[in-house]
Amino acid sequence: MRSSRDFEHVYAQKLKGADGVLLLFLAKNSVDVTRIGLSVSKKHGGAVERNRLKRWLREAFRMERHAFPGGLDLIAIPLAAGRASLPAFRQSLVGLVRRLSRRLNQAPPEPLS
RNA sequence: GGAGUGGGCUGGGCGAUCGCGGUGAGGCUGACUUGUUCAGCCUUGCGGAGGAAAGUCCGGGCUUCACAGGACGCGGUGGUGGGUAACGCCCACCGUUCGCAAGAACCGGGACAGUGCCACAGAAAGUAAACCGCCGAUCGUUGCGUGCGCCCGCAAGGGAAAGCUGCAACGAGGUAAGGGUGAAACGGUGCGGUAAGAGCGCACCAGCGGGCCGGGUGACCGGUUCGGCUCGGCAAACCCCACCGGAAGCAAGACCAAGCAGGGCGAAGUUCGUGAUACUGGAAACAGGAUCACGGCGCGAGGCGGUCCGUCUCGUCACUCGUCCGGGUAGGUUGCUUGAGCCGACGAGCAAUCGUCGGCCUAGAGAAAUGGUCGCCCACGACAGAACCCGGCUUACAGGUCCACUCCGCAU
RNA sequence: CGCGGGGUGGAGCAGCCCGGUAGCUCGCGAGGCUCAUAACCUCGAGGUCGUAGGUUCAAAUCCUGCCCCCGCCA
């Protein structure tokens, strides 16, 4: 995701979940493709450190996206810098998407705004 | 061989494969304004972070701002010469300090233009003075004394204090050698000199200033002579001197699209000039007032980052301008990488650097591209990620490697 | 990206311009007052002045580098 409007939309749905590794927001979007947005704060370190976290997250999304349902927008925010690694991100991403998409389907259809 | 000084280069490598952002070619699909068009997808080729990309501390380019003038103010720099687009940077040299040396460090102009500060202690913290002390030659007062003189006496001797001399005390006065304080105290040593002393005089030494001679573009250096003998520190205190500085910054700026709601406050004109238009009077020349445009003067607002002068722009009665509050947008294109560029050779120069010739094109994103897996090698990989672009400075950093030089030891 | 402001006892702030003594309020500790607590009174402890250098006889204060925090600009 690239536009600020998409990010605002996902945050506004307030459908979020976390384990010790990631904080994930999730929402339905208007296109069929499942997309991801990243947000890494300055407390994780300098530019090199933050770039590494974003690359790991993008790689984890690339490897697991075939298993995700279509038409979703995700925002991934890493939490504990000490536990960050590519396998941890993969595992955490799969688990959180499964949990949140189940909640999305149980929830009543969102009112047209 | 050991110890050390100064500087340069480098910043894991090779390969396979799946991906990421850029770009070129080919193909497919769609759109319309049909073409060297735009958008999406597929295939394929090419290239894809740093020496500091960092901190944002200086200097420029570039862009915009109603061309930027003068005086004052404000800020910066500070040995000399050179380099440069420019600099607070670099090079060479000078001076001071440190080091046996190679070398290193230095915000390194001015304290006889002025003002100010120097706590505590100390007599005194700055051009003069004098607390303890020393002296008391000279002048004065007092005391002692009896050498001269004076008085008594023939004499031995005795007496007195008006004079001279001697001694002592005090005062006027002289002095800055010594004392002690302090971060810092008015040159040091010796001899002479004196009442005591003192650059008061002399010799040597240290320092300051002036003249002259020589060397150097210059900072400055060397020599010589004279002077008064000798005038503390702080300008990273105010300041003085010399030189420099318009401001803001790619979130600058340009274009396109989309979207919104207005409101408050303020504004001085004119008996002025020129031109045009129609009207009135007149046969005409022309005259009269009216409206409009431009200009002048005045007024208002704004710019020239502060003030004044000066100057420029806009407005001047209103569908205008200025200012304040409020409201809307957060999309796209461009700026965007060919540049004080990089590499090599030759030449000028001690060097920084410059010139000529030849070759090369080397990231361009925008929620922001370098990662995953596997194999091999070794010293097992530090600090760290472009965001308009350059030149520096500063700071961080595992290692590897090269060059020049110094000192010590041994051998020849 | 650009530009401002600030780091002083446990907390919030003075002192810095113009250099020599680090001060105020709250809090903390001890004692007093009270039957007891609070309030009140008396006394006391507690500060590498963010950090590293420099200027100076002397630096929280002046100058330079670095670190951290806060704020503003589309």
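The analysis underlying the following values was restricted to heavy atoms, covering all of them including side chains, and did not include hydrogens, waters or symmetry mates. Chain letters run A, B, ... following the sequence lines, proteins first, then strands; residues in each count from 1.
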Using only side-chain N and O atoms of A:Trp56, determine if any of them is under 4.0 Å from OP1 or OP2 of B:G372. yes
Between A:Phe61 and A:Phe68, what is the ring plane arrangement, given parallel below 30°, perpendicular above 60°, and tilted in between? tilted
Enter syn or anti for the glycosidic conformation of [N], syn applying to angles within 90° of 0.
N      : result
B:C405 : anti
B:U362 : syn
B:A168 : anti
B:G366 : anti
B:G51  : syn

Atom [atom1] in [X], atom [atom2] in [Y]: separation rounded to 0.5 Å?
X       : Y       : atom1 : atom2 : value
A:Leu23 : A:Ile75 : CG    : CD1   : 9.5 Å
A:Asn51 : A:Leu53 : CG    : CG    : 9.0 Å
A:Leu74 : A:Arg65 : CG    : CZ    : 10.0 Å

Test item: A:Ile77 and A:Leu22 side chains (from C-beta on) under 4.5 Å apart, heavy atoms: no
Going by heavy atoms in the side chains, are A:Leu24 and A:Leu100 under 4.5 Å from each other? yes
In whole Å, what is the span from the [atom1] atom of [X] to the [atom2] atom of [N]?
X       : N      : atom1 : atom2 : answer
A:Phe61 : B:G372 : CZ    : C1'   : 16 Å
A:Lys54 : B:G366 : NZ    : P     : 13 Å
A:Arg35 : B:C20  : CZ    : P     : 17 Å
A:Arg50 : B:A54  : CZ    : C1'   : 12 Å
A:Arg90 : B:U373 : CZ    : C1'   : 11 Å
A:Leu53 : B:A368 : CG    : P     : 14 Å
A:Met1  : B:G331 : CE    : P     : 14 Å
A:Glu64 : B:U373 : CD    : P     : 13 Å

Roughly how many Å apart are [M] and [N], using the [atom1] atom of each and rounding to a whole number?
N      : M      : atom1 : answer
B:G79  : B:C221 : C1'   : 15 Å
B:U189 : B:C164 : C1'   : 46 Å
C:G6   : C:U61  : C1'   : 16 Å
B:G103 : B:G78  : P     : 27 Å
B:G400 : B:C342 : P     : 31 Å
B:G179 : B:A185 : P     : 14 Å
B:G187 : B:A129 : P     : 15 Å
B:C151 : B:A160 : P     : 16 Å

Suppose we define a pair by two distances each less than 3.5 Å, Watson-Crick or G-U wobble; what does [N] pair with here?
N      : result
B:G69  : B:C309
B:C208 : B:G227
B:G344 : B:C357
B:G81  : B:C91
B:C200 : B:G192
B:G295 : B:C272
B:G171 : B:C139
B:G30  : B:C38

Restricting both atoms to N or O, compile the protein contacts to nucleotides 51-53 of chain B shorter than 3.5 Å, with distance only.
none

Applying a 4.0 Å non-hydrogen cut-off, can you work out what A:Arg58 is touching in the nucleic acid: base, sugar-phosphate, or nothing? sugar-phosphate
Greater than 12 external heavy atoms within 6.0 Å of A:Gln91's CD: no
Applying a 3.5 angstrom cut-off to the pairing atoms, does RNA chain C sit in any stems of at least three consecutive Watson-Crick or G-U pairs? List them by first number. C:2-7 with C:67-72, C:10-13 with C:23-26, C:28-32 with C:40-44, C:50-54 with C:62-66
Tell me if a side-chain donor or acceptor on A:His9 pairs with a main-chain N or O of A:Ala27 at a distance below 3.5 Å. no
Closer than 3.5 angstrom, by distance alone: can the side chain of A:Ser92 be matched with the main-chain N or O of A:Phe89 as a donor-acceptor pair? no
Heavy-atom pair with the smallest gap, counting every atom of A:Leu26 and A:Leu72: CD2-CD2, 4.1 Å
Which atoms form the tightest heavy-atom contact between A:Ser39 and A:Pro78, and what is the distance? O-CD, 3.5 Å
Side chain to side chain contact (heavy atoms under 4.5 Å, CB included), that's the test. Do A:Val10 and A:Met1 meet it? Break it down for me. CA-CA 10 Å; A:Val10 175; A:Met1 286 190 292; 4.3 Å; yes
Of B:G372, B:G19, B:G385, the nucleotide closest to the side chain of A:Arg62 is B:G19
Pairs touching residues 9-21 of chain A that satisfy salt bridge (Lys or Arg N to Asp or Glu O under 4.0 Å), sequence neighbours left out: none
Side-chain donor/acceptor contact of A:Arg55 with base of B:G19 under 3.5 Å: no
If you assign each of A:Ile36 and A:Glu59 to its closest nucleotide in RNA chain B, which residue comes earlier from the 5' end? A:Ile36
If you assign each of A:Glu49 and A:Gly37 to its closest nucleotide in RNA chain B, which residue comes earlier from the 5' end? A:Gly37
